[in-house]
Protein chains: 2
Amino acid sequence: MLKYQEISDEIEKYIEDNELQQGDKLPILETLMTQFEASKSTITKSLDLLERKGVVYQVRGSGIFVRRHKRKGYISLFSNQGFKKELEGNHLTSEAIELEVRKPTKEAAHNLNIDLDDDVYYVKRVRYINGQTLCLEESFYNKSIVTYLNKEIISDSIFNYISEGLGLKVGFSDLYLRADKLKEEEAEYLGLQEGDPKIYVETIFHLTNGQPFDFSKISYNYEQSHFLFQATSHFL
Amino acid sequence: MLKYQEISDEIEKYIEDNELQQGDKLPILETLMTQFEASKSTITKSLDLLERKGVVYQVRGSGIFVRRHKRKGYISLFSNQGFKKELEGNHLTSEAIELEVRKPTKEAAHNLNIDLDDDVYYVKRVRYINGQTLCLEESFYNKSIVTYLNKEIISDSIFNYISEGLGLKVGFSDLYLRADKLKEEEAEYLGLQEGDPKIYVETIFHLTNGQPFDFSKISYNYEQSHFLFQATSHFL
DNA sequence: GAGTGGTCTAGACCACCCG
DNA sequence: GGGTGGTCTAGACCACTCC
């Protein structure tokens with residue numbers, strides 16, 4: 001475990017455990033340096049991490065403060081994988097509808113950067129949150145990277161399996177989001193009416209070496225899908 | 001201008017100018033160090049910035065590579081302000097519908113962290129992209145921070161005025177996003193039908209010192225609003 | 001002006017990729 | 001094993017805030 005990671009985690013845990021609120025002041029840099037026996041740069045790196053996670057904000061000449069958003073029940077779209085632990089008390093399950101090896105569509109081949117006669121795993125599933133339909137998901141996995149999948153795996157967390165089971169390292173993803181109307185088939189799976197709104201997301205996941213391995217098309221149930229984004233201007 | 005900022009900008013410009021594509025390799029760290037006469041840490045910081053902006057990805061033991069997303073016409077929701085220059089050739093205008101000083105709603109007061117008898121600027125406007133309606137926006141500005149607004153300012157870029165004109169420093173924002181159905185009045189402003197989908201976003205903007213100064217409620221035209229998010233797993 | 005965070009450097013050492 | 005990024009340190013100096 002990296003030192004700055006550990007420190008970052010500890011500080012976050014400290015905030016959680018003591019239920020600190022927005023605006024509460026954390027110890028100053030120097031204190032943290034001695035407390036964690038780390039150099040200034042390392043502490044700074046830990047704090048930058050927390051700042052990007054939306055946990056703290058730093059004010060030059062003043063101090064380090066706790067940042068809290070005010071709403072519960074919102075899903076943070078970013079994370080190592082698709083979702084975040086922020087789902088706290090929420091129960092996430094999946095129902096597999098389809099799973100097979102096939103040739104990619106033109107669209108999938110283009111997004112995965114493979115040929116039309118390469119193999120992909122095609123996965124279709126409905127995901128539930130606390131028993132409610134959350135989304136309908138169609139995914140294409142580059143089979144030369146994700147070499148094996150079965151029903152059991154895709155009913156659980158695919159990304160867990162990919163990193164733990166296959167030892168692959170997920171690097172970055174491009175996520176395209178818009179709203180649209182539900183088609184009849186989608187509405188049926190989600191338990192909504194045709195023409196109802198949906199949030200429609202396409203995502204391309206890449207390994208750390210830049211290779212795309214997963215192209216997914218997801219239609220979200222608009223009643224269940226509340227997303228949170230926390231931005232910090234000087235990181236952009 | 002900070003050194004790491006400058007270097008970051010120059011590298012980005014270099015990529016643009018030479019139309020480098022996804023996977024193209026950049027010079028190695030040592031080359032960049034001598035070329036920009038900077039230390040390793042500074043170059044690293046520049047590259048981290050670019051990585052978070054989705055411009056490059058770094059592979060340990062291998063090199064630094066260009067990252068490109070494949071789609072045009074998507075808006076990056078993050079930036080110093082509401083939008084990004086990524087709007088490249090796109091023309092963004094605003095039509096002011098309402099502008100007045102008033103008392104905040106309970107909701108606005110809560111989100112801005114002020115009292116019900118404090119003053120806010122209430123701004124309502126429709127924003128257009130290339131002549132099409134993009135969104136309907138209602139904003140509440142804490143008047144003790146944003147001390148003055150007029151029709152001219154709000155027809156242009158409010159955030160530009162806030163940072164340049166008022167000298168305020170925007171720090172971070174919380175953004176809540178979901179889909180819903182358009183109400184009659186909203187549909188009218190956007191030129192759509194009642195019941196059509198919308199992307200509905202509420203945002204709270206804070207100064208660098210953590211003070212919230214803007215609470216906005218925005219309904220996006222689903223036909224025009226395509227959002228792009230670029231995530232990098234190890235920054236979360 | 002004291003307190004506090006941010007930038008930048010030089011250099012040591014570690015970890016991963018690839019031929 | 002050579003090439004290349006990533007982590008970490010100690011310390012100098014700068015910039016902002018707040019009393």
Side-chain angles (χ1 to χ4, degrees), chain A residues 1-9 11 23-52 56-67 145 163 167-172 206-211 232-235, chain B residues 1-9 11 23-52 56-67 145 163 167-172 206-211 232-235:
Chain A
M1 185 72 151
L2 296 171
K3 193 165 182 176
Y4 74 87
Q5 263 291 358
E6 240 167 38
I7 295 173
S8 169
D9 288 351
I11 295 176
D24 284 355
K25 196 163 184 286
L26 291 178
I28 66 172
L29 268 179
E30 213 180 323
T31 310
L32 296 171
M33 284 167 66
T34 56
Q35 184 174 335
F36 290 107
E37 295 180 317
S39 72
K40 189 172 179 179
S41 324
T42 302
I43 300 291
T44 297
K45 192 152 189 184
S46 306
L47 291 170
D48 283 354
L49 240 185
L50 289 176
E51 188 156 7
R52 284 198 295 279
V56 305
Y57 59 95
Q58 301 177 74
V59 186
R60 199 211 286 262
S62 179
I64 305 152
F65 303 91
V66 173
R67 176 173 174 194
I145 299 175
S163 43
L168 297 171
K169 270 167 294 183
V170 179
F172 55 92
H206 307 252
L207 299 178
T208 42
N209 70 9
Q211 223 179 338
T232 306
S233 68
H234 62 275
F235 284 132
Chain B
M1 184 71 152
L2 295 172
K3 193 165 181 178
Y4 75 86
Q5 263 291 359
E6 240 166 38
I7 295 173
S8 169
D9 289 351
I11 295 176
D24 284 356
K25 197 165 185 289
L26 290 178
I28 66 170
L29 267 180
E30 211 180 324
T31 311
L32 295 172
M33 284 167 66
T34 55
Q35 184 174 332
F36 290 108
E37 294 179 318
S39 73
K40 190 172 179 178
S41 324
T42 302
I43 300 290
T44 297
K45 191 153 189 185
S46 306
L47 291 170
D48 282 355
L49 239 184
L50 290 176
E51 188 156 7
R52 284 197 295 278
V56 305
Y57 59 94
Q58 302 177 72
V59 186
R60 197 210 287 258
S62 180
I64 305 152
F65 303 91
V66 173
R67 176 173 173 193
I145 299 175
S163 42
L168 296 171
K169 270 169 293 182
V170 179
F172 55 91
H206 307 252
L207 299 178
T208 42
N209 70 9
Q211 222 180 338
T232 306
S233 67
H234 61 276
F235 283 133

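Naming: A, B, ... by sequence-line order, numbering from 1 per chain. Values below: every heavy atom of this structure, side chains too, minus hydrogens, waters and symmetry copies.
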What's the [atom1]-[atom2] distance between [X] and [N], to the nearest Å?
X     : N      : atom1 : atom2 : result
B:L2  : C:dG5  : CG    : P     : 18 Å
A:K3  : C:dA15 : NZ    : P     : 14 Å
A:Y57 : C:dG5  : OH    : C1'   : 14 Å
A:Q5  : C:dC14 : CD    : C1'   : 17 Å
A:L50 : C:dG5  : CG    : C1'   : 15 Å

Verify, without hydrogens or angle tests, whether [X] (side chain) and [Y] (backbone) share a donor-acceptor contact under 3.5 angstrom.
X      : Y      : value
B:S8   : B:L49  : no
B:S46  : B:I7   : no
A:T232 : A:R52  : no
A:S163 : A:L168 : no

Within the structure provided, determine whether [X] and [Y] are in side-chain contact (heavy-atom separation under 4.5 Å).
X      : Y      : result
A:M33  : A:T42  : no
A:L207 : A:K169 : no
B:Q211 : B:H206 : no
B:V66  : B:L26  : yes
B:V59  : B:F65  : yes

- Message: Both A:F36 and B:G63 contact DNA chain D. Which one's nearest nucleotide lies toward the 5' end?
- Response: B:G63

- Message: Between A:G61 and A:M1, which residue's closest nucleotide on DNA chain D lies nearer the 5′ terminus?
- Response: A:M1

Scan [X] against the nucleic acid and name what it touches under 4.0 Å (heavy atoms): base, sugar-phosphate only, or nothing.
X     : answer
B:K45 : sugar-phosphate
B:I64 : sugar-phosphate
A:E37 : sugar-phosphate

- Query: What are the 5'-most and 3'-most nucleotides of DNA chain D lying under 4.0 Å from any heavy atom of chain A?
  - Reply: D:dT7 to D:dT17

- Hey, which of these two, B:S62 or A:K25, hits DNA chain C nearer its 5' end, going by closest nucleotide? A:K25

- Query: How far does the helix from C:dG1-D:dC18 to C:dC18-D:dG1 bend, going by the axes of its first and last five pairs, to the nearest 10°?
  - Reply: 30°

